[in-house]
Every structure is written in C-alpha cells, then in structure tokens.
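What follows is one structure encoded as structure tokens, with my remarks underneath.
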2 protein chains.
Amino acid sequence: MELLEIIKSLSNETRLNILEWLKDPFAHFPEEELSQDTPELGVCVSDIAKKAGMSVPTVSDYLKTMSSANILIATRKGQWTYYKRNEKSIQDLATHIKDKL
Amino acid sequence: MELLEIIKSLSNETRLNILEWLKDPFAHFPEEELSQDTPELGVCVSDIAKKAGMSVPTVSDYLKTMSSANILIATRKGQWTYYKRNEKSIQDLATHIKDKL
DNA sequence: TAGGTATTTAGGTAATTCCCTAAATTTGTG
DNA sequence: CACAAATTTAGGGAATTACCTAAATACCTA
C-alpha cells in the first residue's frame with residue numbers, strides 16, 4: 001500500500017472520472033462496444049479514450065499509472081487490454097485513510 | 001467535499017508527512033516549542049517548517065493549500081498561525097472513498 | 001507472409017507544481 | 001512611533017505532469 005503513489009494516481013480529473021465510469025460500464029459506455037464479459041474484464045483502452053475525449057496514448061498511460069498503483073486491474077486478451085477497478089484496493093485505501101492517515 | 005482538491009492537497013510527500021505529524025504533535029515536535037494549548041490550536045508554521053526542513057514560505061503555502069481543502073484548520077492567535085487536523089473532514093474523505101469513489 | 005486493428009513507447013511542448021529568496025504585511029512591545 | 005518576530009505574498013527557476021503526434025510493437029486473420 002504505497003499511499004503517495006495511490007493518491008498521485010488519483011490526482012487528476014480524467015483519472016478520477018475513469019474510476020467512476022468503471023464502477024458501472026453499462027451506464028457509461030455504449031453497450032455495443034463493451035465486450036460480452038465486461039463485468040469480468042472491464043473496458044478496453046480505446047473505448048475509455050473515446051469516452052474521455054482524449055488521445056489513446058494519453059489514456060493508455062493514465063490506465064497504466066492507475067494499475068501500477070494497484071487501483072485498476074489490467075487484463076490482456078488478444079489485441080485488447082481491458083481495465084477494471086480493483087475494488088479491494090479501493091476499500092483498503094478507504095480503510096487506510098480512516099485508521100492510519 | 002471537493003474530492004479532487006482534497007486529493008491534490010495530499011499528493012505530496014511533505015504534505016502527507018505534516019498530516020501525520022499533526023496526529024500527535026507531542027511525539028513529533030520539541031515539547032518546549034509547542035504552545036500550551038497545542039491540542040486545541042495545533043502547531044505554528046515555523047515549527048512545522050523546521051520539522052520539514054523546508055523554508056517557511058513553502059510550508060506556509062502547503063498549509064494554506066491543505067486548509068483550503070478543509071483537511072487542516074487554521075487558527076490565528078497573535079502573530080502565530082496554528083494548524084491542526086480537521087478530523088471530521090478526514091473521516092468524511094475515508095467514507096466518501098469507501099462509498100462513492 | 002501481408003495487412004489491419006489495438007496498444008504501447010518515444011519524444012516533445014505547454015501547463016502545473018515544487019520550493020526557493022526577497023519584500024510586504026500583521027501583530028506585539030517598549 | 002520604532003523595532004522585532006511570525007507569517008504571507010510576489011516572483012522566479014527547476015522539476016514534474018499533462019497530453020499530443022509519430023513510430024514501434026503485439027496480435028489477429030486471410
């Protein structure tokens with residue numbers, strides 16, 4: 001639990017938004033572009049980039065930052081990299097702030 | 001509750017350290033330099049700057065950033081400005097992350 | 001193997017953050 | 001009022017972050 005790294009990974013509006021969107025992909029992304037196993041795998045880079053209105057490389061880097069901080073989980077499947085939230089880490093963060101910060 | 005503003009105010013190692021130190025001023029600052037009502041008022045800018053090993057203006061600005069985000073509470077008394085933690089806001093942050101992030 | 005799609009890596013400019021010194025302000029005191 | 005102590009404001013250089021385009025890589029499929 002690298003608190004500073006986690007906090008930095010969240011200290012950007014777009015990255016916070018991505019975390020929100022991934023809470024409920026079906027509410028935030030066009031259904032036809034979601035993989036059939038989205039709840040399990042998450043959403044792929046280019047769909048997130050489109051939603052964010054930013055370039056794919058920028059968003060790819062954001063997602064990598066958040067998964068390095070262990071806040072997102074990446075799954076490579078074929079040519080796609082899917083990202084989903086790491087709910088455990090998010091809860092651990094909340095607990096850490098509550099009890100230790 | 002401006003989540004992004006709060007997170008940004010915490011996204012720096014020195015500022016995180018300050019928050020830690022203020023959890024227990026008697027454990028982190030020389031007793032003789034603490035005000036007699038430190039638990040109530042907190043610790044003054046120059047003592048925090050000394051502990052941080054940074055210039056007073058830099059730390060003054062850090063403290064202002066954190067109190068603007070409502071994570072610290074500032075109290076001016078005479079020529080000193082004392083800062084203490086806003087425990088309520090810190091708990092609110094934890095709860096927000098747990099339930100809403 | 002050739003070509004297409006998705007992603008990542010490289011490299012660069014602009015914006016923001018870090019953190020300093022100097023100057024200005026606030027408050028207390030003789 | 002004059003001076004001293006604590007803090008804040010201004011201003012600036014260095015480092016980091018934001019976010020882009022171009023190029024490279026990975027993987028699929030004919």
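Heavy-atom basis, side chains included; hydrogens, waters and symmetry copies ignored. Numbered from 1 within each chain, the chains take letters A, B, ... in sequence-line order. This is a predicted model, so every value here is computed, not measured.
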### Message
Using OP1 and OP2 only, check whether a side-chain N or O of B/Ser46 sits under 4.0 Å from D/dA6.
### Response
no

### Task
Measure from CE on A/Met54 to C1' on C/dA14 and round the result to the nearest Å.
13 Å

### Message
So, does A/Thr81 get its side chain near the phosphate of C/dA6, meaning an N or O under 4.0 Å from OP1 or OP2?
### Response
no

### Message
Pick the closest DNA chain D nucleotide for A/Arg76 and for A/Lys8 by heavy atoms, then say which residue is nearer the 5' end.
### Response
A/Lys8

### Message
Considering every strand and a 4.0 Å limit on heavy-atom distances, what is the contact class for A/Val45: base, sugar-phosphate, or nothing?
### Response
sugar-phosphate

### Query
Heavy-atom count around A/Glu2 CD within 6.0 Å, excluding the residue itself: above 12?
no

### Residue whose closest nucleotide on DNA chain D lies nearer the 5' end, A/Thr14 versus B/Trp80
B/Trp80

### Summary
Rounded to whole Å, the CG-P distance (A/Leu16 to D/dT17) equals 16 Å

### Query
How about B/Glu13: does its CD atom have over 12 heavy atoms from other parts shown lying under 6.0 Å from it?
no

#### Entry: NZ/NE/NH1/NH2 to OD/OE distance under 4.0 Å, B/Asp92 and B/Lys88
yes

### Task
Send over the distance from B/Lys50 NZ to C/dC19 C1', rounded to a whole Å.
20 Å

### Query
In whole angstrom, what separates B/Leu63's CG from C/dC18's P?
13 Å

#### Entry: NZ (B/Lys23) with more than 12 external heavy atoms under 6.0 Å
yes

### Query
Is there a donor on the side chain of A/Gln79 or the base of D/dA26 sitting less than 3.5 Å from an acceptor on the other?
no

### Query
Under 4.0 Å: is that the gap between some side-chain N or O of A/Tyr62 and OP1 or OP2 of D/dA18?
no

### Task
Name the nucleic acid region contacted by A/Asn12, choosing base, sugar-phosphate or nothing; use a 4.0 angstrom heavy-atom cut-off, strictly under.
sugar-phosphate

